[in-house]
Protein chains: 2
Amino acid sequence: MSRPLAHPAAAAVTLAGLLFALADPVRLAIVRELLRSPAGLNCTEARARLGLAMPKSTCSQHYRILRESGLIASERRGTELVSHVRAQVLTERFPGLLESVFGAYERECQPAGRRRASRAAAVG
Amino acid sequence: MSRPLAHPAAAAVTLAGLLFALADPVRLAIVRELLRSPAGLNCTEARARLGLAMPKSTCSQHYRILRESGLIASERRGTELVSHVRAQVLTERFPGLLESVFGAYERECQPAGRRRASRAAAVG
DNA sequence: TATAAAGTTCACAAAGATTGAACTACGGAA
DNA sequence: TTCCGTAGTTCAATCTTTGTGAACTTTATA
């Protein structure tokens, strides 16, 4: 990881790639933490915040997938690799998508009592 | 497949599950076709429309994943299994998400010339 | 230089995807 | 009813992807 990390150009970011990157609960949680941390977060810190007993090699792989999908950008600061969400690029490419997905995530994270009860499980 | 197919209740539909189901290019395309077909589509028809040389067992698996994620509902009509997007349930659970994702998909499917050119590949 | 911290890469085991073949379900014709 | 064709599912084998510990690289500091 000596040279600058490869980040896909905006035009190379695909919807399926983004959805794939976000389709993992751990990565979804990481990105939420990143969105809450404008200054960026490194691997170790993200792991600590999420309280996940995850080996650092696994975390590294998750970060790589997020990076290659175009979701995050990473830069070295000292020994750390600090990452942040590429909000500008994503907004340009797919306006509103990120807000929508993480709006849904916040909604899901709310305890059930804070939402309107929806008892009927109508199919359709 | 004699008994009614299992469809998750609205409350059991998770964001990560939906994203996972949509994270595959084939499934993304299938769901778009379904969204365009209010009367529903069966496996064979969807395969034909997408022009994919995909074995029917593979298509069946994709439909199963879509069904188990809560994205689609399927019902038997004669020998066919007709499926449609569970728009009402999804809107109730995650308002705006489906529109946002498939808005992004349509945007991506447009030829590049119809979008504003974005030459600079700024990271971030 | 030596030591430590932060990540990456490698290699292997475990889990998941793809697909042809065999099977089930249904409808229609004889 | 029985037989046949169509639509999908399930099974099993193969292939691919993911998770992980160990070893390695990079940077900083004593």
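Throughout, protein chains are lettered first and strands after them, A, B, ... in sequence-line order, and every chain is numbered starting at 1.
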Search all heavy atoms of B:V31 against all heavy atoms of B:F102 and return the closest pair with its distance. CG1-CZ, 3.3 Å

Hey, is the main chain of A:T79 close enough, under 3.5 Å, to the side chain of A:R76 for a donor-acceptor pair? yes

Do any N or O atoms from the side chain of B:S100 and from the backbone of B:G96 form a donor-acceptor pair under 3.5 angstrom? no

Which one, D:dT10, C:dT9, D:dA7, comes nearest to the side chain of B:N42? D:dA7

For B:E75 and C:dC26, give me the distance from atom CD to atom P, rounded to whole Å. 14 Å

Would you mind classifying the nucleic acid contact of B:T44 as base, sugar-phosphate or nothing, using non-hydrogen atoms under 4.0 angstrom? sugar-phosphate

Nearest heavy atoms of A:L15 and A:L97, plus distance in Å: CD1-CD2, 3.6 Å

In whole angstroms, the gap separating P of D:dA7 from CE of B:M54 amounts to 15 Å

The side chain of B:Q61 is closest to which nucleotide in this list: C:dT18, C:dC10, C:dG7? C:dT18

Please classify the nucleic acid contact of A:R67 as base, sugar-phosphate, or nothing, using heavy-atom distances under 4.0 Å. sugar-phosphate

When the axes are fitted on five pairs at both termini, how much does the helix from C:dT1-D:dA30 to C:dA30-D:dT1 curve, in 10° steps? 10°

How close or far is atom C1' of C:dA25 from atom NZ of B:K56, stated in whole angstroms? 12 Å

On DNA chain C, nearest-nucleotide positions of B:R27 versus B:G78: which is more 5'? B:R27

Indicate, with yes or no, if A:M54 and A:L41 share a hydrophobic cluster defined by side-chain heavy-atom contacts under 4.5 Å among Ile, Leu, Val, Met, Phe, Trp and Tyr. yes

Sidechain-backbone polar pair: B:S37 side chain, B:A39 backbone, donor-acceptor under 3.5 Å: no

Interatomic distance where CG belongs to B:L66 and C1' belongs to D:dG8 [whole Å]: 15 Å

Would you say the side chain of A:S57 and the base of D:dG21 hold a donor-acceptor pair, judged only by whether the two atoms sit under 3.5 Å apart? yes

Write down the distance between CZ (A:R47) and P (D:dT20), rounded to a whole number of angstrom. 11 Å

Output the single nucleotide from D:dG19, D:dA7, C:dA6 whose closest atom is nearest the side chain of A:D24. D:dG19

Between A:V82 and B:P55, the residue closer to the 5' end of DNA chain C by nearest nucleotide is A:V82

Between A:A53 and A:R77, the residue closer to the 5' end of DNA chain D by nearest nucleotide is A:A53

Can you give me the closest heavy-atom contact between A:S60 and A:C43, atom names plus distance? N-SG, 4.0 Å

Note: for A:R64 and A:T79 on DNA chain D, the residue whose nearest nucleotide lies more 5' is A:R64

Audit row: B:Q110, B:R107, side chain to side chain donor-acceptor pair (under 3.5 Å) steps and yes/no: CA-CA 5 Å; B:Q110 281 178 18; B:R107 185 180 179 84; over 6 Å; no

Quickly work out the B:E80 CD to C:dA25 C1' distance and round it to whole Å. 13 Å

Would you mind reading off the distance between A:E45 atom CD and C:dA5 atom P, rounded to a whole angstrom? 16 Å

Mind calculating the distance between CZ (B:R76) and P (D:dG8) to the nearest angstrom? 8 Å

